[in-house]
Amino acid sequence: MSQQKTELAVAALRNGTVIDHIPCEAVYKAVRILRLEDAGTAVTIGNNLPSDRMGRKGIIKVADRFFDESDLDRIAIIAPTAVVNIIEDYKVVEKRQVQLPQTIKGIVHCSNPKCITNNEPMETCFEVVSTNPTRLRCRYCNRTIGGVEAEIAQ
Amino acid sequence: MNQGSLVSIDDISKEQILDLLDRAAYFEAHPNSKLLDGKVVATLFFEPSTRTRLSFETAVNRLGGRVIGFSDAATSSTSKGETLKDTIKMVSNYADLIVMRHHLEGAARYATEVTDVPIVNAGDGANQHPSQTMLDLYSIVKTQGRLENLTITMVGDLKYGRTVHSLLMAMRYFNPRFRFVSSPELEMPREYIEICRDLGIEYTEHRDFSPEVINSSDIIYMTRVQRERFSDPMEYEKVKNLYSLRRDMLGNTRPGMRILHPLPRVNEIDRDVDDCPQAYYFEQARNGVFARQAIITRALNIDPTR
């Protein structure tokens, strides 16, 4: 019931993608992962909204945009609890939890200043070494970082 | 990725490690074999390391190959702002094998992704140095006659010392018993402790470098405690002598026990230990040439016995 209220609080979507149940601290990182700064369509971002399941949560609604599954799954790095809803004509036609990929190319910045990826024009690459909590290992320098505190590359 | 490269000891299997050790033993018996006749090996030392470079170049020369390269990035196009990728691609046109050392971590892994020429990592920052591990393993098998079921005591800087981490990873195949002797600031990182636990490897952690620990070891692997690792200089002064080895501590060791050290040492092994039968660190460095001959021939898919 409260979920419905929340969704109404941030305006209903006719067509597009809703990413719900994002931990509050991960909302703006999710915005960057999906490169929504450059989105040409309406984007609604809600944060610190009440949630039965999480206490507080964030939500992102993107009108008239449908993302590749692999792009959405990248959100799992920082928000493993996130749920994607595909909306068509005000109806949820698909609902699924994001799935953490085994390998993450680009997106995450390595926190080791002496890592080759921070000194050479190249893409980063991380392997997921554990989930819950998510830990990633840099393919190059082997440093492990926590998914939640992962810095998202520009 | 190219086949013969050696970037990290973690990448190779037990069988591949044993194959490299067989090759090293062959090269100790036959140090001069013209197996690299007509081959060019590039030694790209973006960061200076005289000992490692000379050891690799000696290995190539003893195998009859030719060496090109540089010993300092200041004399390469890196100083003009060339990317690592471009340097590696350019050198790949000239050489059959690239041996590289770089101050940036992951440089060798990245190099394998931009060329088909095999890459041998001769050290990438604080990350990996697999030829050191191979010479450590060769020294262990040579002095103990086996790798299985040995008690290996690692002493000093277990936190930052990449040699002890790589040795632990390589020894995990051989049912070792580990003793980790260090101050709390420099203890073995938890991820390696967890690896031991997951694999059922017996280990104990110690603050004291006690006679019990010394006298029940087959190998004592000493490392240098570096001043710059300590935020408090007093703490360094306190710790540095706790983990040093003196002759009078070696009275009751196991008969075959040997002391290893990746060198250079400072004061963690007293000079008067050098003449003891247990001291093996200088011979260990000599084994480096055989271990590197093994790595080079494996990288080029050359069977030395044919």
Side-chain angles (χ1 to χ4, degrees), chain A residues 25-26 29 32-33 68 70-71 73-74 76-80 100-154, chain B residues 1 5 7-11 44 46-47 73 76-79 81-89 100-115 119 121 123-130 133 159-163 165-166 168-169 189-195 197-198 228:
Chain A
E25 63 279 7
K29 283 183 177 176
R32 278 168 71 184
I33 289 174
D68 282 347
S70 60
D71 287 340
D73 282 341
R74 288 167 161 176
I77 303 163
I78 44 124
L100 191 63
Q102 187 52 45
T103 306
I104 296 149
K105 288 194 168 169
I107 303 290
V108 178
H109 179 84
C110 183
S111 63
N112 177 5
K114 291 178 76 181
C115 177
I116 186 74
T117 60
N118 289 317
N119 294 274
E120 179 91 0
M122 61 183 285
E123 200 175 53
T124 62
C125 183
F126 288 83
E127 293 290 328
V128 176
V129 288
S130 70
T131 52
N132 200 19
T134 304
R135 290 203 69 78
L136 313 174
R137 182 189 291 123
C138 174
R139 168 175 166 76
Y140 298 96
C141 75
N142 293 311
R143 178 169 291 197
T144 54
I145 56 173
V148 177
E149 69 255 23
E151 194 185 325
I152 306 304
Q154 289 290 356
Chain B
M1 179 181 145
S5 292
V7 171
S8 164
I9 204 77
D10 305 356
D11 294 345
L44 309 185
F46 296 88
E47 170 189 65
S76 79
S77 288
T78 306
S79 63
E82 186 176 58
T83 61
L84 176 63
K85 178 180 174 178
D86 288 9
T87 306
I88 296 295
K89 282 216 162 290
M100 64 180 281
R101 188 186 189 100
H102 205 289
H103 60 284
L104 293 173
E105 295 162 24
R109 174 82 64 206
Y110 179 56
T112 65
E113 294 173 358
V114 300
T115 181
I119 302 283
N121 185 6
D124 58 332
N127 192 24
Q128 301 292 327
H129 191 9
T133 311
K159 184 173 182 189
Y160 300 101
R162 64 183 172 188
T163 56
H165 302 159
S166 295
L168 182 153
M169 291 302 284
R190 292 303 98 182
E191 60 178 291
Y192 291 101
I193 297 290
E194 274 164 31
I195 287 168
R197 215 175 283 157
D198 291 349
E228 59 269 28

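Note that the structure is predicted; figures quoted are calculated from it, not measured. Numbers restart at 1 for each chain; the letters A, B, ... are given by sequence-line order, proteins then strands.
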>> Need one label for Asn112(A): side chain, backbone, both or neither, based on atoms under 4.5 Å from any heavy atom in chain B.
In response: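 When you check distances to chain B, only side chain atoms of Asn112(A) fall under 4.5 Å.
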
Separation between CD1 (Ile116(A)) and CG (Asn127(B)), nearest 0.5 Å, reads 11.0 Å

For residues 121-132 of chain A against chain B, heavy atoms under 4.5 Å, the residues are Pro121(A), Met122(A)

query: Just wondering, do Tyr140(A) and Glu113(B) contact through their side chains at under 4.5 Å, heavy atoms?
result: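 The answer is yes, as the side chains (C-beta and beyond) meet within the 4.5 Å cut-off.
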
### Query
Do Lys114(A) and His103(B) come close enough that some side-chain heavy atom pair is under 4.5 Å?
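A side-chain contact is absent here, since even the closest heavy-atom pair is not under 4.5 Å.
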
Asp86(B) meets the salt bridge (charged side-chain N to carboxylate O under 4.0 Å, His left out) criterion, sequence neighbours left out, with none

*Taking only residues two or more places apart in sequence or in another chain, which ones pass side-chain hydrogen bond (donor to acceptor under 3.5 Å, both in side chains) with Glu82(B)?*
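Glu82(B): side-chain hydrogen bond (donor to acceptor under 3.5 Å, both in side chains) contacts with Thr87(B).
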
Worksheet item: With distance as the sole test, does Glu120(A) use its side chain to make a donor-acceptor pair with the main-chain N or O of Leu84(B) at under 3.5 Å?
Response: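 Yes.
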
Using the rule given for side-chain hydrogen bond (donor to acceptor under 3.5 Å, both in side chains), can you reason through Glu105(B) versus Asn142(A), listing the C-alpha separation, both sets of side-chain angles and the distance that settles it, and then say yes or no?
CA-CA 8 Å; Glu105(B) 295 162 24; Asn142(A) 293 311; over 6 Å; no

field: N-O pairing of Arg135(A) and Glu191(B) below 4.0 Å
entry: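 Looking at Arg135(A) and Glu191(B), the cut-off is not met.
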
Could you tell me which residues satisfy ring-ring contact (aromatic ring centres under 6.0 Å, His included) with His165(B), sequence neighbours excluded, listed by chain and number?
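His165(B): ring-ring contact (aromatic ring centres under 6.0 Å, His included) contacts with Tyr192(B).
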
